[in-house]
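First up is the structure itself, then whatever we jot down about it.
Protein chains get the first letters and strands the later ones, always in sequence-line order, with residue 1 at the start of each.
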There are 2 protein chains.
Amino acid sequence: MAMVTLSEVARHAGVSLATASRVLNGSARTPAADIADRVRAAATTLGYVPNAQAQALARSSTSLIGLVVHDIADEYFASIAKGVQRVAADRDRQLLLAVAGSIHSAAPEVDRAVTAFAAHRTDAIILAGSRTAATDAVRSRLEAYQGRGGRVVTVGQSWVPGAAAVRIANREGMAELVAALAADGQRRFAYLTGPDAALATVDDRLAGYLDGIVATGAESVALIRGEFSMAGGHECGQRLLEQLTSTRRRPVTVLAGNDVMALGAASAFAEAGLRIGLDIKVAGFDDIGVLTHLSPGLTTYRLPLGEIGGLAAELAMDPELPDPAPVTGEVIRRASA
Amino acid sequence: MAMVTLSEVARHAGVSLATASRVLNGSARTPAADIADRVRAAATTLGYVPNAQAQALARSSTSLIGLVVHDIADEYFASIAKGVQRVAADRDRQLLLAVAGSIHSAAPEVDRAVTAFAAHRTDAIILAGSRTAATDAVRSRLEAYQGRGGRVVTVGQSWVPGAAAVRIANREGMAELVAALAADGQRRFAYLTGPDAALATVDDRLAGYLDGIVATGAESVALIRGEFSMAGGHECGQRLLEQLTSTRRRPVTVLAGNDVMALGAASAFAEAGLRIGLDIKVAGFDDIGVLTHLSPGLTTYRLPLGEIGGLAAELAMDPELPDPAPVTGEVIRRASA
DNA sequence: CTGAAAGCGCTTACAG
DNA sequence: CTGAAAGCGCTTACAG
C-alpha cells in the first residue's frame with residue numbers, strides 16, 4: 001500500500017504539511033483560495049487518498065462502527081444490517097461486520113468480534129441479538145470498552161449496563177397478533193418457538209403469546225420448541241401434526257416465533273396435505289421481505305427492520321441521543337390466518 | 001478511546017517498549033520466558049488491547065478486507081457475505097461492508113465505497129455484482145488501488161483487469177437447467193429476466209437460457225423483462241399471464257433469472273388461480289436458503305453461495321492463488337417444475 | 001493566514 | 001536477548 005502521502009501533496013503544491021492538511025481534510029480554518037486550489041490540484045494530480053489509519057491515530061477517533069449479528073444470511077439480521085449501513089454511510093462512517101454464528105456456539109465468536117472491534121477502536125459497537133451469547137468475558141470486555149469512551153448499542157432489548165438500546169416490543173407485538181386473530185374468531189392456538197433461554201427475542205415473544213392467550217381467553221393447545229430457523233419450524237410443524245392427530249384435533253392457528261419458523265411449519269403442513277389458511281392457519285412474526293409475494297400470503301407482525309437498524313446507527317453515532325421508545329410494528333393479515 | 005497503551009504496559013512490566021511489543025504482538029524473536037510472563041501479566045492487569053490503527057500504520061498493512069454488495073438484504077448477497085466473513089474471520093481479518101443499493105443508482109455508491117476502502121487501506125476489496133455500476137471513475141480508482149498494492153477480487157465474472165475473480169458458471173448452469181426440464185418433456189418455456197445490461201449475471205443467465213433453448217430444440221414463447229427482484233418477478237408473472245391468454249396458451253414452464261423473481265412470479269400465478277407445478281411450471285436459480293422448506297418446492301439451480309464467498313476471501317488474502325475454475329452448481333428438482 | 005514541531009501508538013532495523 | 005530511536009501518515013495546539 002504505497003499510497004501517495006500528504007507530504008508529497010504538500011511538496012508538490014509548495015506548501016507546508018499543515019496547510020495541505022487543513023485544505024484537504026476539513027478544518028474550520030481554510031487557507032486562502034489560491035493556495036487551497038493549488039493544494040487540491042496537487043492532490044488530484046497525484047491521486048491522493050487520505051490514510052484513514054493515520055487520521056484515526058492523530059484524531060483518536062476512527063469513524064468506524066462495529067456490528068455483530070447472529071447470522072447475516074437470515075433476512076431479519078440482514079435487514080437490520082442494511083439499515084445500519086445506510087445511516088452510517090450517510091454520515092461517512094464505515095461498518096465493520098462480524099457474524100456470531102449459531103445461537104448456541106456463539107459465545108466465543110461474539111467475544112472475538114468485540115475484541116477485534118476494540119482493537120480497531122471502532123467508535124461504537126452494535127450488538128444485534130447476542131444477549132445470551134454474552135458470557136462474563138464479553139460483558140466485562142464491553143464494560144471496559146465503554147469505560148474507555150466506546151459506545152455500545154444493543155438491538156432488541158437493553159442488556160448492557162450503561163449502553164444505549166433500540167428495544168423492540170416483541171412481547172406486546174405478539175400479544176397484539178394473538179388478539180387480532182382471536183378477535184377474528186380463531187380461538188385455538190399452538191405456538192412454535194426456539195430453544196429456551198437462548199435468545200431474549202425468543203423468550204419475549206413466547207411471553208407475548210401467553211399474554212395474548214390470557215387476555216383473549218383463547219385456548220393454547222400446544223407449545224413446541226425447536227431450532228429458531230426454517231428447518232426448526234418444519235420439524236416443529238411435523239411434531240405438532242402428530243400431536244394434533246393423537247390428541248386434540250383441528251381447527252388450530254399455529255403461531256411461530258418468527259417468519260422463517262412459520263414458513264417451515266407451513267411447508268410441513270402442506271406436505272401433509274393440509275391447505276394453509278383453510279385446514280390450518282399459520283402466522284409468523286417480523287414480516288421479512290420475502291413474504292411480500294408468497295402464496296398463500298403469510299399473516300405476520302411487521303417490524304420495521306431497516307428503521308431499527310437505522311436507529312441503532314444513530315445511537316451509535318450520537319452519544320447524546322436518549323434511547324428511543326420501544327419499536328412497535330403492526331399486524332399484517334394475509335391469507336394464511 | 002483512552003485505551004491502555006503499549007508503553008504503559010512496558011513501564012508496568014519494567015521493560016522497554018520494543019520488548020513489550022515483541023512479547024505481545026507476535027514476532028519471531030520472543031524474549032526470555034520470565035520477561036515475557038511479566039509483560040503478559042502487565043497487559044492482562046491493565047487490560048491492554050493493541051491499537052490496530054497504530055499497528056496498521058507501523059506495519060503498513062491493515063488486515064482489513066472491504067466487501068461491496070448490491071443489497072445485503074437479498075439472500076444471494078447475504079450468503080456470499082457470510083462466506084467471506086467466515087473465511088476472513090478464521091484468518092483474523094476484519095470485514096468492512098458497503099452496500100451499493102439498487103442496480104440502477106449504484107454507481108456513485110460503489111464509487112464512495114471503493115474510495116472509503118482505499119482510505120482505510122484495506123488489504124483487498126471484494127466486489128460482488130457491481131460490474132455495471134462501475135463507471136470509469138470506479139474503474140480508474142480500482143486500478144490506482146491495485147497499482148499501490150491493493151488486491152481486487154470480483155465475484156461472478158472477471159471484469160477488472162489485473163484483478164482476481166471467482167467466476168460463476170451462470171450461463172452453463174441455466175442451459176443445464178433448461179436441458180434437464182426439456183429432457184423431462186417440458187418443451188414450451190418462458191423466461192423472466194432483469195433489465196438489460198444492468199447486471200452481468202442477468203445477461204449471462206439469459207444467454208444460458210437461449211443456449212438451452214437452441215440445444216434442446218424446445219420452444220421459447222416469451223421473454224419478459226422487469227426488475228431483478230421479487231416484486232419484479234411478480235409483475236413479470238402478471239404480464240406473462242396476459243400474454244399467454246391473448247396469444248399462445250399453456251402448458252408452459254416459466255424460468256426466471258433468479259429465485260426471488262421465480263417466487264414472485266409463482267405468487268402471481270397462484271393469485272390467478274393456477275396450481276404451481278400442475279397448471280404452470282416454474283423454476284428459479286441460486287437455491288437461496290429460504291427455498292429449503294417452501295411448499296410447493298421451487299425447482300432451481302443450486303449455487304454454493306457460501307463457498308463462493310469463501311473463495312473470494314481466500315483470493316483476497318492470498319495474492320499467489322490462481323483464479324479457481326468457474327463455480328458450477330447443480331439442478332435441484334422440486335415440485336414446481 | 002501559514003509553518004515548525006510535537007504527538008497519536010505502534011513496529012523494526014540497528015546497536016549494544 | 002534487550003533497548004534507543006526512527007519512522008509509519010496524519011492533526012493540531014502553538015508561534016510567528
key: Sub-4.5 Å side-chain heavy-atom contact between B:L67 and A:L97   = no
task = Send over the distance from B:M3 CE to C:dC10 P, rounded to a whole Å.
result = 10 Å
request  = Take atom CZ of A:R59 and atom P of D:dT11, then tell me their distance rounded to the nearest Å.
outcome  = 5 Å
ask   = With respect to the phosphate group of D:dT11, does any side-chain polar atom (N or O) of A:S21 fall under 4.0 Å of OP1 or OP2?
value = yes
ask   = Rounded to whole angstrom units, what separation is found between the CG atom of A:D34 and the C1' atom of C:dT2?
value = 12 Å
request  = Return the value, rounded to whole Å, for the distance between atom CG of B:L6 and atom P of D:dG7.
outcome  = 20 Å
task = Would you give the length of the straight line joining atom CG of B:L24 to atom CZ of B:R40, rounded to the nearest 0.5 angstrom?
result = 8.0 Å
key: Euclidean distance, atom CG of residue B:L57 to atom C1' of D:dC10 [Å, nearest integer]   = 8 Å
ask   = Atom CG of A:N51 to atom P of D:dC8: distance rounded to whole Å?
value = 12 Å
task = Round to the nearest Å and state the distance from B:Q53 atom CD to D:dG7 atom C1'.
result = 18 Å
ask   = Across all strands shown, which nucleotide pairs with D:dC1 by Watson-Crick or G-U wobble geometry, both distances under 3.5 Å?
value = C:dG16
message = If we check side-chain contact (heavy atoms from CB on, under 4.5 Å) with A:F117, which of these qualifies: A:I65, A:D123, A:V68?
response = A:V68
message = Nearest whole Å is fine: how far is D:dG9 C1' from A:E8 CD?
response = 11 Å
Are there any protein N/O atoms within less than 3.5 Å of an N/O atom in nucleotides 3-6 of chain C, and if so, which ones and at what distance?
residue : atom : partner : partner atom : Å
C:dG3   : OP2  : A:S16   : N            : 3.1
C:dG3   : OP2  : A:S16   : OG           : 3.2
C:dG3   : OP2  : A:T19   : OG1          : 2.7
C:dG3   : N7   : A:R22   : NH2          : 2.6
C:dG3   : O6   : A:R22   : NH1          : 3.3
C:dG3   : O6   : A:R22   : NH2          : 3.1

message = Check this for me, if you would: do B:D71 and A:K82 make a salt bridge, where the nitrogen-to-carboxylate-oxygen distance has to be below 4.0 angstrom?
response = yes
message = Out of the candidates A:I126, A:V69, A:V84, only one should pair with A:V155 under the side-chain contact (heavy atoms from CB on, under 4.5 Å) rule; please name it.
response = A:I126
query = Just wondering, are more than 12 heavy atoms of other shown residues or ligands nearer than 6.0 Å to CD in A:E307?
reply = no
